[in-house]
**Q** 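Quick one: the structure is below, and I'll ask about it shortly.
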There are 2 protein chains.
Amino acid sequence: MVASGEHRAVSVRDVAALAKVSLGTVSNVLNHPEAVSAATQARVQAAMAELGFVRNESARQLRAGRSRTLGYVMLDGSNPFFTDVARGIEEEAEANDLSLYMCNSDNRAERELSYLSRLEQQRVQGILITPSDANAPILDELPRRGTPLVIVDRTREADTHCSVAVDDVLGGELAVDHLVELGHERIAFVGGPTSIGQVRERREGAFKALAKAGLDPDRLVEVETNGLTVAEGRGAGERLAGLPVRGRPSAVFCANDLLALGLLQQCVSMRIRVPEDLAIVGYDDIEFASAAAVPLTSVRQPRRQLGRTAAALLLRETRDRDHRHEKVLFTPELVVRRSTRS
Amino acid sequence: MVASGEHRAVSVRDVAALAKVSLGTVSNVLNHPEAVSAATQARVQAAMAELGFVRNESARQLRAGRSRTLGYVMLDGSNPFFTDVARGIEEEAEANDLSLYMCNSDNRAERELSYLSRLEQQRVQGILITPSDANAPILDELPRRGTPLVIVDRTREADTHCSVAVDDVLGGELAVDHLVELGHERIAFVGGPTSIGQVRERREGAFKALAKAGLDPDRLVEVETNGLTVAEGRGAGERLAGLPVRGRPSAVFCANDLLALGLLQQCVSMRIRVPEDLAIVGYDDIEFASAAAVPLTSVRQPRRQLGRTAAALLLRETRDRDHRHEKVLFTPELVVRRSTRS
DNA sequence: CCCGGTGAATGAAAGGTTTCAATTGAGCTG
DNA sequence: CAGCTCAATTGAAACCTTTCATTCACCGGG
């Protein structure tokens, strides 16, 4: 047992000395126990326990040339969606005996850059990222310098990375198909800013659904927001309520659940009945969607699986000698609840 | 520019060769630029850029004997409370130019253990943890072997660690004080299992408030749950509604917001008016508390500051020569919203 | 002209691990 | 018992960085 004052770290050398073997043997006990006789193993293990030996990961990494860690740079740590994706990544990492660095860029380019640089210096095996800008040049530089990188929940035209995403156009289509089937003709889309790819694609899906149903796409009422938050959803609710009754929609498709929850809350406080006066569809199916006062119809994405698959692609890229980039596109699913079903 | 095939890592040695200086000089450019002439610095910088040099953090760590990273093992990654605490820790880490390993034990002892062991092997500067069991022996072993450890959102009798927590007894008291002031006499407490310290303390606060008001503490209606989730909250709502009208409480204090939200949802679907028929107080003041159909009165904890303070204590412990453990206790605050205000 | 001083650059050593070619020793065959 | 095999063990080298004592070159003062 080490005295609690000065801590000179216990190294394999110390263990070797106590067990009266060479330090190579100690290393073998740790990494190739089959090559060491049982008696020696026991002696070494005893010495390790007595000294409180803890492997030094830095030295291992240095020797190995790469770490046993992945990095995940997420766009928004306070959004349950990304937390769930992280969970999937974590599962896959754990299954491969790897650690995971989780970083939160908070949608700020400079934080993102700083984290990426850190991860590169750490020599992580690879990086998963939901980038704030899918065209940032750093995303190309990292793989070129030897750190594989997989893009999560975004895609890119060019064939430069593996990526994993969900078909947001289809998701938008599912949502509006559902509303059309229920007989709604005057439908609103709430979301923004349009700089966000997801918002554009989900809206595009809405247009497609309308066109398919033979409705005039121009009649889609668009309410643009400045972000995908509950507060913005409330604001959108006020604006919708302010429309002249003739032009007011009977159904709304929101670009995500936070918007939808804010909108719902605003409706309740303004005595607009959901779904009788206004049907609402959200997107993401976060946990609170089903827990809302009026449970929310929403488009579900396979979040965990998104993470697992992204991590699996990354691992394949690190192992394959000759690697071809792959883009995986998942299919979303509509979950119908009371907010559209009267 | 490196060819994209084989990647022999670029090291200071390569940079030195290209810049025609010794490798010690390259290191000086990185760590003590004031000791290097401007001309040489420029030459070295150019060489680094040309070769795409990336510092090897493992080697630095090995040389330095410790990493430049903290570790945070959180109890439940999908609970917004812990995400916010993490955010605070991250801020403090960033301010000190440290990285942060975020790990999610998911309230499972074996995962917790595995992460702690990993962090120790990484030679992190220190560990922050919300332990599943505050008395686990590993919590003592780590500091003894040289890794400082701070306990977050829990306290311990013994004076063995720094810790940061919020006064949960006071929080419970605030909640029930408020209900008593509104004239409620028959009050329920919803929460469980009682193996969770927070649940016990918040309930104790409720008792204190009742006693203080001269009400018989035995009249507190206790509804024990199997966890702190939305689903459990719904179940509690059903049980409350099943009580004979005479014994039914007019107000409920829930051990956290998830329970409260579930309860609220159940009330709405059973046409129990909130707050007219039943007033509800939650705990944590998560974002969705204010976004609920009936905005929720809740007890707010300084989550970010909890994280920041914990990290600051940890850093002080790593720096101070002679350290005395410190316990910080924050004060919660009642946020009144519509769920109690008719 | 020499000396001391100063600013800049050098090169070896250290840090803990893993790997691998080399060595040892025991057991077996002929 | 010589020669061989095989399993177990050894010890040195390599991974990359930082530090620090040393060296070098140059300048001004005596």
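Proteins get letters first, then strands, A, B, ... in listed order; numbering begins at 1 in each. Hydrogens, waters and symmetry mates are skipped; everything else that's a heavy atom, side chains included, is used.
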**Q** Just grab all the ring pair (Phe, Tyr, Trp, His ring centres under 6.0 Å) pairs involving residues 46-66 of chain A, residues at least two apart or on different chains.
**A** none

**Q** List for me each residue that meets side-chain hydrogen bond (donor to acceptor under 3.5 Å, both in side chains) alongside Arg43(B), sequence neighbours excluded, and say none if there are none.
**A**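 Counting only residues at least two positions away or on another chain, Arg43(B) forms no side-chain hydrogen bond (donor to acceptor under 3.5 Å, both in side chains).
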
**Q** Return each pair, listed once, that meets salt bridge (charged side-chain N to carboxylate O under 4.0 Å, His left out) where at least one residue sits in residues 119-135 of chain A; pairs must be two or more places apart or across chains.
**A**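 Checked against salt bridge (charged side-chain N to carboxylate O under 4.0 Å, His left out) - neighbours excluded - the pairs reaching residues 119-135 of chain A are Glu120(A)-Arg145(A).
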
**Q** Taking salt bridge (charged side-chain N to carboxylate O under 4.0 Å, His left out) as the test, write out the residues that go with Asp106(A), two or more places apart.
**A**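 Asp106(A) satisfies salt bridge (charged side-chain N to carboxylate O under 4.0 Å, His left out) with Arg108(A), Arg87(B) only.
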
**Q** Calculate the interatomic distance between Leu30(B) atom CG and dC16(D) atom P; express it in whole Å.
**A**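 In whole Å, dC16(D) P and Leu30(B) CG are 15 Å from each other.
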
**Q** Holding to ring pair (Phe, Tyr, Trp, His ring centres under 6.0 Å), I want the full list of residues that pass it with Phe81(A), two or more places apart in sequence or in another chain.
**A**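 By the ring pair (Phe, Tyr, Trp, His ring centres under 6.0 Å) rule, Phe81(A) matches no residue at all.
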
**Q** Rounded off to whole Å, could you give me the CG-to-P distance for the Asn28(B) and dC16(D) pair?
**A**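 In whole Å, dC16(D) P lies 20 Å from Asn28(B) CG.
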
**Q** Within this structure, what is the CZ-to-P distance between Arg13(B) and dA14(D), rounded to whole angstrom?
**A**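 It is 10 Å, rounded to the nearest whole Å.
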
**Q** Could you state the atom-to-atom distance from NE2 of His32(A) to C1' of dT18(C) in whole Å?
**A** 7 Å

**Q** Residues two or more places apart in sequence or in another chain: which of them pass side-chain hydrogen bond (donor to acceptor under 3.5 Å, both in side chains) with Ser105(B)?
**A**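 Counting only residues at least two positions away or on another chain, Ser105(B) forms no side-chain hydrogen bond (donor to acceptor under 3.5 Å, both in side chains).
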
**Q** Residues two or more places apart in sequence or in another chain: which of them pass side-chain hydrogen bond (donor to acceptor under 3.5 Å, both in side chains) with Arg316(B)?
**A** Glu326(B)

**Q** Using the side-chain heavy atoms of Ser37(B), tell me which of these nucleotides is nearest: dA12(C), dA8(C), dA8(D).
**A** dA8(C)

**Q** Could you tell me whether a side-chain N or O of Thr83(B) sits under 3.5 Å from a main-chain N or O of Asn79(B), the two making a donor and an acceptor?
**A** yes

**Q** Grab the N/O contacts between the protein and nucleotides 23-26 of chain C below 3.5 Å, and write none if there aren't any.
**A**
none

**Q** Would you please name every residue forming a side-chain hydrogen bond (donor to acceptor under 3.5 Å, both in side chains) with Arg154(A), sequence neighbours left out?
**A**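 Gln198(A).
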
**Q** Listed by chain and number, what are the ring pair (Phe, Tyr, Trp, His ring centres under 6.0 Å) partners of Tyr115(A), not counting sequence neighbours?
**A** none

**Q** Angle between the two end axes of the helix from dC1(C)-dG30(D) to dG30(C)-dC1(D), five base pairs per end, rounded to 10 degrees?
**A** 60°

**Q** Can you sort out which residues in residues 55-64 of chain A have a heavy atom within less than 4.0 Å of DNA chain C? Ascending by number, please.
**A**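 Under 4.0 Å from DNA chain C: Arg55(A), Asn56(A), Ala59(A), Arg60(A), Arg63(A).
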
